[in-house]
Amino acid sequence: MKLLAILIAFGVFHWLGKPKVLQSFGWWQSLLVLGQKQTWFKPTWLKNVVLLLIPVLLVAVVAHLLAHQHDHQLWYLIFNSALLYYCLGPEQLEIDARQIRLVEQSESEDNAQWLVNKLTDEAIHRWFVVVFWFVLLGAAGALLCRLLAHMIKPEPTNKLTIMNRLYELLSYPVIWLMILSLLVASDFDRIWRHSKQYFKRQDWYRQHQILLYEAMDFAVENCEIEGDQSDDLTTVRNTTLSVLKRMLMVWLVLVAFSVIFTIG
């Protein structure tokens, strides 16, 4: 059921996109502003956690009722597909021609690497984190990740808020699984030999995000692009998107296997 919901949600998201009214999450921002005005409930981090749990638990209850009140589970499928579609994005994973021109005009030596890192980072937040927790926790997990993403703020690493740390915790297994799926989706041997250096470090378990960026950059520029096309940012963009989509396909295959083993 979850695999079918993922396919439906991604199909609708890919072919129809998402209207602006479904991208803003204005109701959530209004709820956060309303919560900030309440001075009787402290500390602030606990107030934010309670606000976060209200819609997540509501979705979990509705999903549970739909799953157990109808034997055909059609409404459960529709509900999960709609919630996942709502949580994906909010925009398509894309860097358009205008943005590429701005990058080229910057005259930086790391334009291609920046572009790969940018698309990879967007894929983490727009696709993979949402899908991973949807598979584990259903629609409530997908909504939890999307709402939490709207609460995090860019801050120094040593001064992260509770919400930032919670989102990092949710992203941690996702990034490691993305690294494994990259090995499968591209040249396993070359990427593995390039990435082994990170596992020799004492704090290797904290290097997951850097490892993903480095592995993606190496895969795109050395395993996927031939000749001198690695300097063409349009080619780099298209190749990175292709690799990320293949990684997503690996995830779908894993979900399919889990469904088969569960039925068996």
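Because the structure is a prediction, the values reported are computed rather than measured. One-based numbering along the sequence shown.
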With sequence neighbours excluded, give me every salt bridge (Lys or Arg N to Asp or Glu O under 4.0 Å) pair touching [range].
range            : result
residues 171-182 : none
residues 112-133 : K118-E122, E122-R126
residues 53-63   : none
residues 173-183 : none

| said: Is it the case that the side chains of Y213 and Q209 hold a donor-acceptor pair, with the cut-off being a distance below 3.5 Å and no angle test? | reply: yes
[X]: partners by side-chain contact (heavy atoms from CB on, under 4.5 Å), with sequence neighbours left out:
X    : result
I191 : L182, L183, S186, S195, A215, F218, A219, C223
W204 : W176, F199
V135 : I6, V131, V255
L22  : K18, P19, Y85, Y86

Residues in side-chain hydrogen bond (donor to acceptor under 3.5 Å, both in side chains) contact with [X], at least two apart in sequence or another chain:
X    : result
H150 : Q29
R193 : D189
R201 : Q207
S181 : W251

| Going by heavy atoms in the side chains, are M216 and L244 under 4.5 Å from each other? | yes
| request: Taking the six-membered ring for Trp and the single ring otherwise, decide whether the centroids of Y198 and H208 are under 6.0 Å apart. | output: no
| task | Look only at the side chain of Q197 and the backbone of H194, and say whether a donor-acceptor pair between them is shorter than 3.5 Å. | result | yes
